[in-house]
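Quick note: numbers below take in every heavy atom, side chains included, and nothing from hydrogens, waters or symmetry partners. Keep in mind the model is a prediction, meaning the values are calculated, not measured. Just so it is clear: chains get the letters A, B, ... in the order the sequence lines come, proteins before strands, and each one is counted from 1.
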Amino acid sequence: MVSVPERRFPRAARLLRPAEFARVYARKRSAAAGPIVVYAAPGPDRDGRPRLGLSVSRRIGGAVVRNRWKRVLREAFRAARGELPAATDFIVVVRSGLAPAGAAPARALRESLVSLARRIVSRPGYAADAAGDGTVSR
RNA sequence: GGAGUGGAUUGGGCGACCGCCGGCCACGCAUGCGUGGCGGGAGGAAAGUCCGGGCUCCACAGGGCUCGAUGGUGGGUAACUCCCACCGGCCGCGAGGCCAGGGACAGUGCCACAGAGAACAGACCGCCGGCGAGGCUCGUCCUCGCAGGUAAGGGUGAAACGGUGAGGUAAGAGCUCACCAGCAGGCCGGGUGACCGGUCUGGCUCGGCAAACCCCAUCGGGAGCAAGGCCAAGCAGGAGGAAAUCCGGUCGUUCGCGGCCGGAGCGGGGCGGCCCGUCCCGUUCGACCUCCGGGUAGGUCGCUGGAGGCGGCGGGCAACCGUCGUCCUAGAGAAAUGGUCGUCGCCCGCCGCUCGGCGGGCACAGAACCCGGCUUACAGAUCCGCUCCGAGC
RNA sequence: GCGGGUGUAGCUCAAUGGUAGAGCAAUAGCCUUCCAAGCUAAAGACGAGGGUUCGAUUCCCUUCACCCGCU
C-alpha cells in the first residue's frame with residue numbers, strides 16, 4: 001500500500017531551526033485573522049512543498065494548551081497542504097489576546113490557513129520581492 | 001438506614017482509517033535519504049521546585065569566626081524538613097485529628113489598650129482600728145478629713161503572684177494547719193528511651209513570648225545534564241590596570257649575563273563570606289582583572305535496566321528489610337500521543353415524560369538526566385477498616 | 001535548570017507585633033455668574049489558606065499571580 005504523498009507530513013516539511021524562522025520573518029509578509037497570524041516567504045527549493053513553522057508563546061497558556069494548539073495547527077496544515085501555494089515557507093503565530101481558552105477546531109483553522117496564505121501570496125509585491133524565486137502556483 | 005472518620009485502587013472501554021516520534025528487520029539508493037513489515041509511545045500528580053540523594057565537573061573539601069538548616073524518644077532509609085511506632089500537650093461523645101514539641105534561675109528585650117497595679121507588682125472602690133472636726137434621734141450612731149494596716153471581696157485585662165476548709169486577727173494574709181493542684185530535689189519500680197507510676201522531703205508558689213535576639217546539640221564544600229566528554233565548522237584582536245625583588249644549587253659563558261631547579265618575599269586566582277591554612281598561576285611581556293571588539297547557534301555520547309515493577313516466602317507492631325521467581329515498561333530536542341468517525345458507559349439540557357429521540361459534555365493536567373518524599377490541582381468510579389445515632393431480629 | 005524580588009484604597013507609595021496612613025483620582029457640600037484652583041466632610045485596601053502569639057500587614061509554613069537576572 002502506497003500512501004498519498006500529500007497526506008503525509010514528514011519532518012522535512014517543518015521549519016525547525018532559528019535560521020529558517022529568521023529568514024521568513026525577514027521577508028515581513030503577514031496576514032492575520034482571529035487568533036492566528038501567518039507569515040510567508042518563498043522557500044529555498046523552488047520545487048518544494050509548503051513548509052510550516054509554529055510559534056506559540058507561553059502567554060497562550062500552560063503546556064497542555066500550547067501543545068494542543070501546535071497539534072491542531074499541524075493537523076490543519078497537513079490537511080491543507082494540497083491547497084497551499086507550493087515552495088513556500090509559513091510561520092503560524094498564535095496571538096495571545098484573541099486566543100480563546102482552548103484551541104480552535106481543526107476544520108476552521110484549515111479554512112483560515114488557506115485563505116490567509118492565498119491573501120499574502122496574491123498581494124502585489126510578493127512576487128517582486130521573491131526576485132526570481134519560486135513563482136506562485138495559482 | 002443516616003451522619004462521620006481513616007486508608008487503598010482507578011483516572012473512560014472497544015473498533016476502523018489517515019498522520020507523528022523513536023527501535024528492530026528487509027529492500028532500494030549510496031553513507032545525509034526513501035519504501036515496506038513488526039512491535040513500542042505521558043502522569044498520579046509528568047506540575048510547583050519545597051526538601052533529600054544518585055550522577056557529572058571543579059585547583060580534595062582542613063581549623064576558627066560568621067551564615068544557613070533542623071529540634072520529644074526510638075527505629076526505617078542512600079538521605080531527608082520524609083515515613084513508622086511510641087511519649088507528652090490540645091481538640092472531638094467517639095472512630096480519630098492537629099502540634100518547629102530542646103532551654104525562660106546564661107544574659108538582653110517585649111507584654112499595646114484597659115486597669116490602682118503587668119513582673120522579685122499594686123491601695124481606686126471596699127474592709128479595719130487610731131487621731132481630729134462636725135451633726136443629731138447622744139449611740140457598739142452618722143458624715144468629713146489625716147496618717148496607717150489589709151490582697152478576703154468589687155472591677156480591668158489574654159494574663160493579677162495557687163484552690164477548698166479550719167484556726168487565727170482590729171480587719172486580713174501560707175501567718176499556721178489538713179487535703180488537693182503545681183514546682184524543685186531524693187529514693188523505689190517499669191521502659192532501650194522520651195516518659196510513666198509510687199513514695200518522702202522542701203520553701204509554701206515561682207507569669208507568658210525563644211516561628212524576638214540568643215544559648216545548647218546535630219548537620220551543611222560549590223555548581224548543576226544548558227553538568228560534562230568527543231567530533232566538525234569558524235574567528236582578530238585591541239586598550240587599560242596593581243606589584244618588588246632577593247637568596248642558594250647546577251649548567252653554559254663573549255665574564256656583561258643567560259637557562260634550569262629549589263626556597264623566601266610580592267601580586268593574582270580557587271576552596272559560599274572573612275581570617276588562618278592550602279593548592280594553582282605569574283613575578284617584566286606573560287598569567288590575572290576591567291573594558292571594547294570578533295567567531296559559533298551543528299552533530300554525537302551522556303540517555304535511560306533502575307535505591308525498578310509484580311508475585312511468593314521469611315523477619316518486624318509498623319515504616320521497612322532479606323531472599324526466590326518473573327517482567328522490560330517513552331526517550332524528544334522549536335521538542336513525538338493528534339485528526340476524522342462508529343459504538344458502549346456516565347452526566348446535563350430539551351422533546352417525550354414507560355420504551356425512546358436530538359444536542360452538548362466527560363476532570364486536573366503533558367515526560368525532558370534519574371530516583372525517594374512533601375505540597376498543590378482534580379469530573380467521577382470502586383473497595384476495605386472503624387466510630388456515633390436510629391430501627392428491626 | 002538555578003537564583004532573586006514584589007503583592008497594602010481606583011493609581012503611586014508609607015507604616016517597632018497593638019486605632020492601617022499620605023498624595024493624586026472619584027463622591028457630596030461651601031466658594032464662583034460658570035469653570036478651574038481652594039476649603040470642608042464622608043466612603044474606599046493589607047493576594048489566599050493555615051500556624052505561633054492575648055493579639056499578625058508585620059514572624060513561620062503552604063499556595064496563587066506578576067516581574068527581573070544568570071546559564
Side-chain angles (χ1 to χ4, degrees):
Chain A
M1 186 186 291
V2 177
S3 66
V4 184
E6 287 185 353
R7 282 188 175 177
R8 297 190 54 100
F9 189 43
R11 206 158 187 78
R14 302 275 307 283
L15 298 182
L16 300 173
R17 299 181 179 183
E20 294 170 329
F21 277 79
R23 204 177 56 77
V24 175
Y25 282 131
R27 191 69 70 169
K28 295 180 179 172
R29 297 289 167 182
S30 68
I36 66 171
V37 184
V38 173
Y39 286 80
D45 181 6
R46 66 182 58 193
D47 297 325
R49 303 198 185 96
R51 300 194 298 172
L52 173 69
L54 292 172
S55 177
V56 183
S57 102
R58 292 184 60 185
R59 302 185 67 90
I60 302 302
V64 172
V65 175
R66 294 200 307 274
N67 271 328
R68 183 106 192 113
W69 268 104
K70 292 181 189 175
R71 286 165 183 158
V72 171
L73 282 171
R74 275 200 300 271
E75 181 61 25
F77 188 82
R78 183 177 75 92
R81 283 185 84 199
E83 305 172 56
L84 289 170
T88 308
D89 290 345
F90 297 95
I91 295 175
V92 178
V93 180
V94 180
R95 291 200 279 193
S96 59
L98 299 168
R107 290 181 216 265
L109 284 177
R110 176 184 168 178
E111 300 294 324
S112 64
L113 204 59
V114 171
S115 73
L116 288 172
R118 288 181 174 167
R119 200 198 300 172
I120 298 173
V121 168
S122 62
R123 263 179 205 154
Y126 178 83
D129 276 358
D133 240 331
T135 34
V136 181
S137 73
R138 191 60 203 277

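- For the strand RNA chain C, secondary-structure stems (runs of at least three Watson-Crick or G-U pairs, all distances below 3.5 Å) span C:1-7 with C:64-70, C:10-13 with C:21-24, C:27-30 with C:38-41, C:47-51 with C:59-63.
- Because its glycosidic torsion is more than 90° from 0, B:G308 is reported here as anti.
- As rounded to whole Å, 17 Å separates atom P of B:A332 from atom NZ of A:K70.
- Comparing A:A63 and A:E75 along RNA chain B, the residue whose closest nucleotide (by nearest heavy atom) sits nearer the 5' end is A:E75.
- A:E83 meets the salt bridge (Lys or Arg N to Asp or Glu O under 4.0 Å) test with A:R110; sequence neighbours excluded.
- Taking atom CG of A:L54 as the reference point, atom P of B:G333 lies 15 Å away to the nearest angstrom.
- Across all strands shown, the partner of B:G380 is B:U10, judged by Watson-Crick or G-U wobble contacts whose two distances both fall under 3.5 Å.
- Glycosidic conformation at B:A42 (O4'-C1'-N9-C4 for purines, O4'-C1'-N1-C2 for pyrimidines): syn, within 90° of 0.
- With C1' as the reference atom, B:A42 and B:A368 are 12 Å apart, rounded to whole Å.
- Counting only heavy atoms from C-beta outward, the side chains of A:V38 and A:V93 never approach each other to under 4.5 Å.
- Summarising the base pairing, B:U156 is matched to no nucleotide, lacking a Watson-Crick or G-U wobble pair whose two defining distances lie under 3.5 Å.
- Whole-Å rounding puts the A:N67 CG to B:U337 P distance at 8 Å.
- Look at B:A217: its Watson-Crick or wobble partner, with both distances under 3.5 angstrom, is B:U70.
- Here the P atom of nucleotide B:A335 and the CZ atom of A:R58 are 17 Å apart, to the nearest Å.
- A 3.5 Å limit on both hydrogen-bonding distances identifies B:C142 as the Watson-Crick or G-U partner of B:G134.
- Expressed to the nearest 0.5 Å, how far OG of A:S30 lies from CZ of A:R119 amounts to 9.5 Å.
- Straight-line distance between the C1' atoms of B:U73 and B:C87: roughly 7 Å, to the nearest whole Å.
- Comparing the same atom, C1', in B:A170 and in B:C105 gives a spacing of 40 Å after rounding to whole Å.
- Remark: B:C362 base-pairs with B:G345. Criterion, Watson-Crick or G-U wobble with two distances under 3.5 Å.
- One C1' atom belongs to B:A104, the other to B:C214, and the distance between them is 11 Å to the nearest Å.
- For B:C20, one of the phosphate oxygens OP1 or OP2 lies less than 4.0 angstrom from a side-chain nitrogen or oxygen of A:R8.
- Residues A:A12 and A:R17 each lie close to RNA chain B; by heavy-atom proximity, the contact nearer the 5' end of the strand is made by A:A12.
- Using atom P as the reference point in both B:U300 and B:G333, the two lie 9 Å apart (nearest Å).
- With A:R71 contributing its side chain and A:R66 its backbone, the two residues share no donor-acceptor pair below 3.5 Å.
- Base orientation at B:G238 is anti, since its O4'-C1' glycosidic dihedral falls outside 90° of 0.
- We find that CZ of A:R81 is positioned 14 Å from C1' of B:C18, with the value rounded to whole Å.
- Base pairing analysis places B:C386 opposite B:G4; the two distances defining the Watson-Crick or G-U wobble pair are each below 3.5 Å.
- Base orientation of B:U329: syn, since the glycosidic angle falls within 90° of 0.
- Between A:R71 and B:U337 there is a side-chain polar atom (N or O) within less than 4.0 angstrom of OP1 or OP2.
- The shortest side-chain heavy-atom distance between A:I91 and A:L54 does not fall under the 4.5 Å cut-off.
- Atom name P, nucleotides B:C80 and B:G52: the rounded distance is 10 Å, in whole Å.
- Note on A:R107: a side-chain N or O is less than 4.0 Å away from OP1 or OP2 of B:C341.
- We find that CZ of A:R14 is positioned 16 Å from P of B:G19, with the value rounded to whole Å.
- Separating the OH atom of A:Y25 from the C1' atom of B:A334 is a distance of 10 Å, rounded to the nearest angstrom.
- Ring geometry for A:F9 against A:F77 counts as tilted: the plane angle lies between 30° and 60°, on a 0 to 90° scale.
- Checking B:C183 for Watson-Crick or G-U wobble geometry (two distances, each under 3.5 Å) identifies B:G202 as its partner.
- Between A:Y39 and A:F90, the distance from one ring center to the other does not fall under 6.0 angstrom.
- A:R68 has no side-chain polar atom (N or O) that falls below the 4.0 Å cut-off from OP1 or OP2 of B:U337.
- One finds a side-chain N or O of A:R74 lying less than 4.0 angstrom from the OP1 or OP2 phosphate oxygen of B:A336.
- Look at B:A368: it lacks any Watson-Crick or wobble partner with both distances under 3.5 angstrom.
- Between A:R17 and A:E20, none of the side-chain N atoms (NZ, or NE/NH1/NH2) sits under 4.0 Å from a carboxylate O, so this pair counts as no salt bridge.
- Shown are A:L109, A:V56, A:I36; of these, the side-chain contact (heavy atoms from CB on, under 4.5 Å) with A:V92 is made only by A:I36.
- For B:G92, the base is anti relative to its sugar; the glycosidic angle deviates from 0 by more than 90°.
- Taking the side chain as every heavy atom from C-beta outward, A:L16 and A:R11 approach each other to under 4.5 Å.
- Between B:C90 and B:G44, the distance separating the two C1' atoms is 35 Å to the nearest Å.
- In this structure, A:L15 places its CG atom 17 Å from C1' of B:A297, rounding to the nearest Å.
- Straight-line distance between the C1' atoms of B:A16 and B:U326: roughly 36 Å, to the nearest whole Å.
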